[in-house]
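Heads up, the thing below is written out as structure tokens.
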There are 2 protein chains.
Amino acid sequence: MNNKEILIKNGISPSFQRLQVYSYLRKNNVHPTAFKIYNDLKKQIPTLSKTTVYNVLKLLAGKNLIREVKIEDNELRFDAVLQEHGHFKCSECGKVTDVFYDKEFVDFIEKRNKITDIQFNIIGICENCLNNKN
Amino acid sequence: MNNKEILIKNGISPSFQRLQVYSYLRKNNVHPTAFKIYNDLKKQIPTLSKTTVYNVLKLLAGKNLIREVKIEDNELRFDAVLQEHGHFKCSECGKVTDVFYDKEFVDFIEKRNKITDIQFNIIGICENCLNNKN
DNA sequence: TCATAATTTATACTTATTACAATTATGTAA
DNA sequence: TTACATAATTGTAATAAGTATAAATTATGA
Ligand SMILES: [Mn+2]
Ligand SMILES: [Mn+2]
Ligand SMILES: [Zn+2]
Ligand SMILES: [Zn+2]
């Protein structure tokens with residue numbers, strides 16, 4: 001099932017802009033901010049509006065086709081990897097990478113509460129940056 | 001060791017405003033935003049400035065006397081509980097409560113990276129709100 | 001007391017996100 | 001094809017959290 005079909009299956013009419021934003025997220029697993037998506041796509045779509053990017057992201061998140069990732073307080077990032085996982089952000093290079101954690105722990109919490117979102121973010125310095133420090 | 005002594009021990013001269021903000025956080029374990037702290041303390045300190053609250057919070061966080069908690073993307077919260085833990089935010093009543101998780105998992109991540117901050121937040125509906133639904 | 005430094009305050013600024021209205025594209029009935 | 005209704009996109013203005021700056025106040029200590 002390609003990206004276009006996924007949108008249709010979720011009741012989203014696959015406009016050009018929507019397809020571009022969704023495809024961008026599925027192709028580039030870099031946890032971009034709305035502005036980065038806007039800025040990168042503007043090269044191919046000069047008429048693109050920032051509002052549209054925000055609208056599409058909210059639409060996709062509402063249908064659970066992407067997830068919002070809150071690491072720093074001044075930037076909301078987006079992720080098309082739906083499998084439950086956390087993130088590691090390197091404060092040196094800024095890269096955000098995936099961290100997968102134990103499902104059993106989440107099940108324990110889920111027994112008592114109705115979970116709708118989990119944010120698990122670790123900030124630090126990654127292996128690469130630590131080694132390149134010498 | 002009382003709050004005043006803790007500030008002094010950490011090289012922070014214990015001004016009235018600083019002591020009030022720090023005491024507020026230690027007394028009320030509600031993970032307030034900067035604005036809530038400002039708004040609540042203004043009742044006792046009518047001359048209090050929002051900038052001061054932000055300044056004090058940043059000062060305390062810099063000395064690791066409090067922790068920043070990032071749950072929603074539009075509000076930064078603060079916590080005087082320093083033991084490593086995550087949070088559960090109820091989307092019904094808005095309350096933020098503590099969630100303690102396995103230290104071993106964090107150790108595994110720590111072997112490879114230098115961790116400076118961990119944010120573990122769960123959003124959902126709490127036991128109370130689930131039961132009061134009928 | 002007086003000078004100096006530290007702290008607080010008020011104000012203006014920045015910036016991510018949202019609200020809103022105007023414009024454009026799309027699909028369908030006549 | 002044309003006209004119309006609806007959906008989607010765009011540009012602009014508004015909102016609001018957080019930050020920067022400088023003036024005003026307060027504390028310190030010679
Ligand atoms: Mn991810
Ligand atoms: Mn807590
Ligand atoms: Zn790095
Ligand atoms: Zn609740």
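Throughout, a chain's letter reflects where its sequence line sits, starting with A, and its residues are numbered from 1. Quantities reported herein were computed from a predicted structural model and do not represent experimental measurements.
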Spacing of [X] atom [atom1] relative to [N] atom [atom2], expressed in whole Å:
| X | N | atom1 | atom2 | result |
| --- | --- | --- | --- | --- |
| A:Phe16 | C:dT26 | CZ | P | 11 Å |
| B:Lys58 | D:dG18 | NZ | C1' | 8 Å |
| A:Asn55 | C:dT17 | CG | C1' | 11 Å |
| B:Asn39 | D:dA17 | CG | P | 11 Å |
| B:Leu57 | D:dT19 | CG | P | 10 Å |
| A:Arg18 | D:dA8 | CZ | C1' | 6 Å |
| B:Lys36 | D:dA17 | NZ | P | 14 Å |
| A:Glu75 | C:dA16 | CD | P | 9 Å |

Going by the side chain to side chain contact (heavy atoms under 4.5 Å, CB included) test, name the single residue among B:Thr97, B:Val69, B:Val96 that passes it with B:Lys89. B:Val96
Taking the inter-plane angle between the rings of B:Phe35 and B:Tyr38 on a 0 to 90° scale, is it parallel (under 30°), tilted (30 to 60°) or perpendicular (over 60°)? tilted
Specify the closest pair of heavy atoms between B:Ser23 and B:Asn3, including all atoms of both residues, with the distance to one decimal.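 Here B:Ser23 and B:Asn3 meet closest at OG-ND2, 3.1 Å.
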Identify whether any heavy atom of B:Ser15 sits under 4.0 Å from a base atom; if not, whether one sits that close to sugar-phosphate; answer base, sugar-phosphate or nothing. sugar-phosphate
With a 4.0 Å cut-off on heavy atoms, is A:Thr33 in touch with a base, just the backbone sugar-phosphate, or nothing at all? nothing
So, does the side chain of B:Thr51 form a donor-acceptor pair with the base of C:dA10 at under 3.5 Å? yes
Output yes when a side-chain donor or acceptor of B:Asp79 lies under 3.5 Å from a complementary backbone atom of B:Val81, and no otherwise.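 Yes, the answer is positive, given that a donor and an acceptor are paired below the 3.5 Å cut-off.
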Would the distance check show the side chain of A:Asn10 and the main-chain N or O of A:Ile12 forming a donor-acceptor pair, the cut-off being under 3.5 Å? no
Examine D:dT10: is either OP1 or OP2 under 4.0 Å from a nitrogen or oxygen in the side chain of A:Thr47? Give yes or no. yes
Within the structure, does a side-chain N or O atom of B:Gln17 lie under 4.0 Å from either OP1 or OP2 of C:dT9? yes
A:Ser13 has a side chain; which of D:dT9, C:dT9, D:dA7 sits nearest to it? D:dA7
On DNA chain C, does the nearest nucleotide to A:Tyr54 precede the nearest nucleotide to B:Lys50 from the 5' side, or the other way round? Give the residue.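 With A:Tyr54 and B:Lys50 compared, the 5'-side residue is B:Lys50.
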